[in-house]
Novice: 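Below are the structure tokens for one structure; questions will follow.
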Amino acid sequence: MKILYVHAKGEVGGSDISLLTILKSINKKLFSPNVIVPKKGPFFNDYKNYCEECEDVKFGVLKSPDNAIEFLKILIWFIPSILLIWRIIRKWDIDLVHVNTVVVPSAVIAAKLAGKPVIVHKRELIVSNKIASCGLDFITFLFADKVIAISNAVKYNSIKILQKKIVVIYNGVDLSEFSIKKSNKLCKEYEIPKKTLLIGIFSRIEPWKGQHIVIKSMPKILAKMGNVKLLIFGQYYTSKGKRYFKEIKNLVDDLELDKFILFPGTVKNINKIYSEFDIVILPSIDPEPLGRVVIEAMAAGSAVIATDNGGTKEIIDNNKNGILVGAGNLNDMVNAIVKLAKTSDLRDKMGINGRKTVQKHFNIRDIVRELENVYENLIERSGT
């Protein structure tokens, strides 16, 4: 059975890593994966290693435009995108189309025109633009045969008529790829003293990701703890993100924290370095669809702090396998960091419980098995 995965980005993000994890783990005796992306990114060659076909195809992606010209380009490119993807489906003799996002409705329509069953993987929880969210949901309802939501938070943020088509399948990780042992490589690389408490943030640079909350908490943390280093990983992909990056860098300078906060940029194989961190934080202000970073950090045995909105509440059992804090609440953030920073036994306990959580609920073998069942049922019903 030939599956076409339509992916919307060329970045290092949760959906990119999740797709790669699926491609690695899917049963190649039953399914032949193929991938198209609108542009090559850091994972493109990795995708190729696990696919029969993998190409960059210049289809359009619906996103929040920065200006009127960009909006016009999105509209103009919509119908040609349908035709481009339809041709790929026919050319590669695809049996089922798996659209890895809601923001490529052209792929969903192209699959229908080609007479192929289509799945939409809903990885987004859009709260800033409800009209756009409802519009994408309605198109998905009209054309998708099945919708996979990565959390209940995503499912119940969807319009009601779409919820009937949704099955919740969490993102999964391969525990064997995550080391729970510290190597101190980061300390050597950045000349950090070994006994320094390391705090990590791993996400794209965007205002809603809330990096500024942790930066603002650092003076209070340092007053109580002293020997702490914060590493903020990631990069910006939008003009808004670019402006925000400049703002948080200025904030670091204004608070005179440049000796305590580093910006290492993007790290492709982050699963190799999570275990270096005593605490990993996901400080998002808007609700996370799920929070893959939380799952990955747990897999590496790191203690986790995340905001109590969206899908993170489905991962973290507060004060057992991690700590939940109020979104944008500076005092909550300070108290949670200090609580974990002061007690290595508590960090270790939460790390152990976190890894058990991943083993039970987010193991990629179980996740892929659920996904394969959806494929088989749809293909059987369609008769392709």
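Everything numeric here is computed off the predicted structure, so don't read it as measured data.
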Novice: Dump the intermediate steps for side-chain contact (heavy atoms from CB on, under 4.5 Å) on N363 and V358, then the final yes or no.
Specialist: CA-CA 6 Å; N363 191 309; V358 175; over 6 Å; no
Novice: Which heavy-atom pair separates I150 from Y170 by the least distance, and what is that distance?
Specialist: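 Shortest heavy-atom contact: O-CD2, 3.1 Å.
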Novice: Would L198 and M333 show up in the same hydrophobic cluster when neighbours are defined by side-chain heavy atoms closer than 4.5 Å?
Specialist: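 Each belongs to a different hydrophobic cluster.
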Novice: One pair to check against salt bridge (charged side-chain N to carboxylate O under 4.0 Å, His left out): R347 and D345. What are the steps and the verdict?
Specialist: CA-CA 5 Å; R347 295 197 301 271; D345 288 346; over 6 Å; no
Novice: So, for L330 and S217, which heavy atoms are closest and what is the spacing to 0.1 Å?
Specialist: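 Looks like CD1-N, 3.6 Å.
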Novice: Kindly say whether L324 contributes a backbone atom to a donor-acceptor pair with the side chain of D308 at under 3.5 angstrom?
Specialist: no
Novice: Spell out, as yes or no, whether a donor-acceptor pair under 3.5 Å connects the side chain of D145 to the backbone of V118.
Specialist: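 Yes; at least one donor-acceptor contact below 3.5 Å.
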Novice: Is there a path of hydrophobic side-chain contacts, each under 4.5 Å between heavy atoms of I, L, V, M, F, W or Y residues, that connects V368 with I379?
Specialist: yes
Novice: For L290, does its backbone N or O pair with a side-chain atom of E314 as donor and acceptor, under 3.5 Å?
Specialist: no
Novice: Using 4.0 Å as the upper bound for N to carboxylate O, is an ion pair formed by D366 and K360?
Specialist: no
Novice: Quick check: closest heavy atoms across P193 and C187, and the distance to 0.1 Å?
Specialist: O-SG, 4.2 Å
Novice: Could you tell me which non-hydrogen atom of E288 sits nearest to which non-hydrogen atom of L125, and how far apart they are?
Specialist: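 Heavy atoms only, the tightest pair is O-CD1, 3.9 Å.
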Novice: Please say whether more than 12 non-hydrogen atoms of neighbouring residues, nucleotides or ligands are located less than 6.0 Å from CG in L142.
Specialist: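 Counting other residues, nucleotides and ligands, CG of L142 exceeds 12 neighbours.
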Novice: When rounded to the nearest 0.5 angstrom, what distance separates CG in N45 from SG in C54?
Specialist: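 The CG atom of N45 sits 8.5 Å away from the SG atom of C54.
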Novice: So does I3 get a backbone contact from the side chain of N34, meaning a donor-acceptor N/O pair under 3.5 Å?
Specialist: yes
Novice: Would you check if the side chain of K2 reaches a backbone N or O of W92 as a donor-acceptor pair within less than 3.5 Å?
Specialist: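 Yes, because the side chain of K2 sits within donor-acceptor range (under 3.5 Å) of the backbone of W92.
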Novice: side-chain contact (heavy atoms from CB on, under 4.5 Å) for L282 and V280? Distances and angles first, verdict last.
Specialist: CA-CA 7 Å; L282 186 63; V280 173; over 6 Å; no
Novice: Where the side chain of S158 meets the backbone of Q163, is there a donor-acceptor pair that is under 3.5 Å apart?
Specialist: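 No.
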Novice: Just wondering, do L113 and I109 contact through their side chains at under 4.5 Å, heavy atoms?
Specialist: yes
Novice: In Å, rounded to the nearest 0.5 Å, how long is the span from NZ of K209 to CZ of R204?
Specialist: 6.5 Å
Novice: Enter the distance from Q359:CD to L175:CG here, rounded to the nearest 0.5 Å.
Specialist: 5.0 Å
Novice: Are there over 12 heavy-atom neighbours, none belonging to K48, within less than 6.0 Å of that residue's NZ?
Specialist: no
Novice: Should we count OH of Y190 as having more than 12 external heavy atoms under 6.0 Å?
Specialist: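 Atom OH in Y190 is packed in, count exceeds 12.
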Novice: What about the rings of H212 and Y244, do their centers lie closer together than 6.0 Å?
Specialist: yes
Novice: With side chains defined as the heavy atoms from C-beta onward, is the minimum distance between F43 and I17 less than 4.5 Å?
Specialist: yes
Novice: Are side-chain heavy atoms of K339 and N335 found at a separation under 4.5 Å?
Specialist: no
Novice: Could you check whether any side-chain N or O of K165 sits under 3.5 Å from a backbone N or O of A144, counting only pairs where one atom can act as donor and the other as acceptor?
Specialist: yes
Novice: Measuring from atom CG of D95 to atom CG of L378, what distance do you get when rounded to the nearest 0.5 angstrom?
Specialist: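 So the CG of D95 and the CG of L378 are separated by 12.0 Å.
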Novice: Distance check, rounded to the nearest 0.5 Å: H7 atom NE2 versus T101 atom OG1?
Specialist: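 One gets 8.5 Å once the value is rounded to the nearest 0.5 Å.
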Novice: If you count heavy atoms of other groups shown closer than 6.0 angstrom to CG of L30, is the number above 12?
Specialist: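 Count over threshold, so yes.
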Novice: Pairing donors with acceptors under 3.5 angstrom, does anything connect the side chains of K122 and T140?
Specialist: no
Novice: Does K182 come within less than 4.0 Å of D278, counting only side-chain N to carboxylate O?
Specialist: yes
Novice: On a heavy-atom basis, which atom in N309 and which in A327 lie closest, and how many Å separate them?
Specialist: ND2-CB, 3.5 Å
Novice: Using a 4.5 Å cut-off on heavy atoms from C-beta on, say whether the side chain of Q211 contacts that of L230.
Specialist: no
Novice: Hey, could you give me each pair passing side chain to side chain donor-acceptor pair (under 3.5 Å) that has a residue in residues 191-202? Not counting sequence neighbours.
Specialist: T196-N227
Novice: Any idea how Y375 and F31 line up, ring-wise: parallel (<30°), tilted (30 to 60°), or perpendicular (>60°)?
Specialist: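 Because their plane-to-plane angle is over 60°, the rings of Y375 and F31 count as perpendicular.
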Novice: Counting distance only, does the side-chain N/O of S284 pair as donor-acceptor with the main-chain N or O of P287 below 3.5 Å?
Specialist: no
Novice: Measure across P33 and I26 and return the closest heavy-atom pair with its distance rounded to 0.1 Å.
Specialist: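 Closest pair (atom of P33, atom of I26, distance): CG-CG2, 4.3 Å.
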Novice: Establish whether V120 and I161 are linked, either directly or via other cluster members, by ILVMFWY side-chain heavy-atom contacts under 4.5 Å.
Specialist: yes
Novice: Would the distance check show the side chain of N271 and the main-chain N or O of E177 forming a donor-acceptor pair, the cut-off being under 3.5 Å?
Specialist: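 At least one qualifying donor-acceptor pair exists.
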Novice: Pairs under 3.5 angstrom only: tabulate donor-acceptor contacts from the side chains of residues 291-305 to other protein residues two or more places apart or in another chain.
Specialist:
unit_1	atom_1	unit_2	atom_2	d
R292	NE	E296	OE2	2.9
R292	NH1	S18	OG	2.9
R292	NH1	G172	O	3.3
R292	NH2	T21	OG1	3.2
R292	NH2	G172	O	3.2
E296	OE1	Y274	OH	2.6
S302	OG	Y274	O	2.9
S302	OG	F277	O	3.3

Novice: Tell me whether K246 at atom NZ has more than 12 heavy atoms from other residues, nucleotides or ligands lying less than 6.0 Å away.
Specialist: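 No.
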Novice: Could you check whether any side-chain heavy atom of L222 comes within less than 4.5 Å of a side-chain heavy atom of V228, counting everything from C-beta outward?
Specialist: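 Touching, per the 4.5 Å side-chain cut-off.
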Novice: Does the side chain of I201 reach to within under 4.5 Å of the side chain of P283, using non-hydrogen atoms?
Specialist: yes
Novice: Can a salt bridge be assigned to the pair K91 and E53 using a cut-off of 4.0 Å between side-chain N and carboxylate O?
Specialist: no
Novice: Hey, is the main chain of N184 close enough, under 3.5 Å, to the side chain of E276 for a donor-acceptor pair?
Specialist: yes
Novice: Could you tell me the separation between the CZ atom of F59 and the CZ atom of F78, rounded to the nearest 0.5 Å?
Specialist: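 If I round to the nearest 0.5 Å, the distance is 12.5 Å.
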Novice: What's the verdict on side-chain contact (heavy atoms from CB on, under 4.5 Å) for I85 and V97, showing C-alpha distance, side-chain angles and the deciding distance?
Specialist: CA-CA 10 Å; I85 297 170; V97 178; 5.8 Å; no
Novice: Transitively linked via ILVMFWY side-chain contacts under 4.5 Å: I316 with L346?
Specialist: no
Novice: When you look at K24 and I364, which way does the side-chain contact (heavy atoms from CB on, under 4.5 Å) test go after all the steps?
Specialist: CA-CA 10 Å; K24 286 180 177 179; I364 190 59; over 6 Å; no
Novice: How far apart are the C-alpha atoms of Q235 and T266, what are their side-chain angles, what is the distance that settles it, and do they pass the side-chain hydrogen bond (donor to acceptor under 3.5 Å, both in side chains) test?
Specialist: CA-CA 6 Å; Q235 68 182 78; T266 297; 2.8 Å; yes
Novice: Ring centres of Y5 and Y47 under 6.0 Å apart?
Specialist: no
Novice: Is the NZ atom of K349 crowded by more than 12 outside heavy atoms at less than 6.0 Å?
Specialist: no
Novice: Taking a hydrophobic cluster as the set of Ile, Leu, Val, Met, Phe, Trp and Tyr residues connected by side-chain heavy atoms closer than 4.5 Å, whether directly or through intermediates, do I205 and W208 fall within one such cluster?
Specialist: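 Looking at the clustering, W208 is in a separate group from I205.
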